[in-house]
Amino acid sequence: MASSKKPESPATGLRKGLTNYGDTGFSLFLRKAFIKGAGYTEDALSRPVIGIANTGSSYNPCHGNAPQLIEAVKRGVMLAGGLPVDFPTISVHESFSQPTSMYLRNLMSMDTEEMIRAQPMDAVVLIGGCDKTVPAQLMGAASAGVPAIQLVTGAMLTGSHRGERVGACTDCRRYWGRYRAEEIDAEEITDVNNQLVASVGTCSVMGTASTMACLAEALGIMVFGGASAPAVTADRMRVAEQTGTTAVAMAVNRLTPDKILTGKAFENALRVLLSVGGSTNGIVHLTAMAGRLGIDIDLAGLDRLSRETPVLVDLKPSGQHYMEDFHKAGGMPALLRELRPLLHLDALTVSGRTLGEELDAAPAAFVQDVIRPFDSPIYPVGGLAVLRGNLAPGGAIIKQSAANPKLMEHEGRAVVFEDAEDMANRIDDDALDVTADDVLVLKRIGPTGGPGMPEAGYMPIPLKLARAGVKDMVRISDGRMSGTAAGTIVLHVTPEAAVGGPLAYIQTGDRIRLSVKNREISVLISDEELARRAAAHPIERPTGERGYRKLYMQSVTQADQGVDFDFLRATDTKESVPGKA
Ligand code: FES
């Protein structure tokens, strides 16, 4: 016989997740007593509680507007009748993370997940921006299962150097390359250093931070139109206020991440990644985020999408403009309007409306030159291509939209560096036996080899070639490169050298073939020879002695699994995206 007892509704507000003292009534009594020490009334404490993850840090200028954003989010929460409560988590900045920010991304995701779970909140606003912070927060929130909404800090403004517009970090690399090639002197490189980062906020090009902001909006986990407003603008503060009000409605309607971050949402995000000429890091982060929800990102499917999704956004490093121009051109709503025929319009967003409904209500299109019409792209296919071959049986990535077309079909002699230190010691040596037709190979900068898969895949052109005017060469590694970098660079070779992938056995003098047209990356030696080299030099996975490094080394997965920890991924796979054609 069916029970007539009504199921208990889940605890909300301050009643959520009580600390265990063996007496729940006392636990709530004590919790309220303590928080009343901060001056709250019973009325305030009875409201939906909206947590705000504060990643402000003096080590993180990309999040330098966090105090203003928190104030605006709180205003939005209170306008909608909620109680905002901000709390700190780890903050990770690219240039202040040793050995790499990627090494710390999973730690930040664990911190975010556990603090969302440990503290009472009915919804959470995630304030992130710098490259690894948005994926870390969304990975953690996806696992915590509490309604969550992403707010990014927004892009920095551009600067001006001797009459030329500049911005981090594509121009950082360009000017450093010119300095290495002795085209500019020490005084000029010091001058430009003052201008590259003109304000707080994230890098001003379509690097990883901007890519992840656009992907979050494409996923529906951010307010519509929330990706592009620069950090120091009134628009950014309005997005923050709107994020606060939206979070309260999400709390009331229990709009949890699994309802938004679906297979369809990830496929929409992959389309956007391709069409913005986005960072190669985007694919690693999307894979990790999807993996938390039991969704596999299929690299072969990504490549299929890439053949039918053009690059429409004319931003550096693939194009000309900067994020503030993208915002003025209409931002993500304008791009999604162009991509509309390729998107799953029934995907749900944080507003409770579908992507299609949001697009129907979006402002009308206007003439601009940053977001191209679908039939007039800046690059006819997607920004990324997936390569395979005996050098990368688990796949590798190339950002074809930022590569040199002349080098995309290339065969050359390998010049091998065994690790980053070997490269640093020899690359600028005039005695290095290298020509512009050779293929530079760098090993052991993968997930465990780096460790943390450093963005060292953007190998410098050997000094003697740089001086001779060589700007690009085919470069191959198991590492990553910054989303702000450009060149004919093969990345994420899987499996990595440090765990015994074929890359480990490549020697200087081997012939290597890159064919982006055929999606191939191969070393022209036989399987028997590769096996003979592997047997002669068996490789053991590196380990860490203690602490987080030990956990990292034991648990980190390869690039095709998002470089997440194996124990953080969902235990079962529900679906694989993109679906079959
Ligand atoms: Fe923070 Fe580029 S260093 S976004």
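First listed ligand is number 1; within each ligand, the first listed atom is number 1.
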In terms of side-chain heavy atoms, does [X] have a donor or acceptor partner in [Y] at a distance below 3.5 Å?
X	Y	result
E164	Y175	yes
S482	R173	yes
S279	T211	no

Say you draw a straight line from CD of E188 to CG of N193; how long is it, rounded to the nearest 0.5 Å?
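Here the rounded value is 12.0 Å.
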Verify side-chain contact (heavy atoms from CB on, under 4.5 Å) between N65 and V232, making sure each step is shown before the conclusion.
CA-CA 7 Å; N65 59 347; V232 295; 5.8 Å; no
Which N, O or S atoms belonging to the protein are less than 2.8 Å from atom 1 (Fe) of ligand 1?
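Protein N, O or S atoms closer than 2.8 Å to atom 1 (Fe) of ligand 1: C62 SG, C130 SG.
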Is a salt bridge present between R178 and D171, judged by a nitrogen-to-oxygen distance below 4.0 Å?
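Here R178 does not pair with D171 in a salt bridge, since their nearest N and O are not under 4.0 Å apart.
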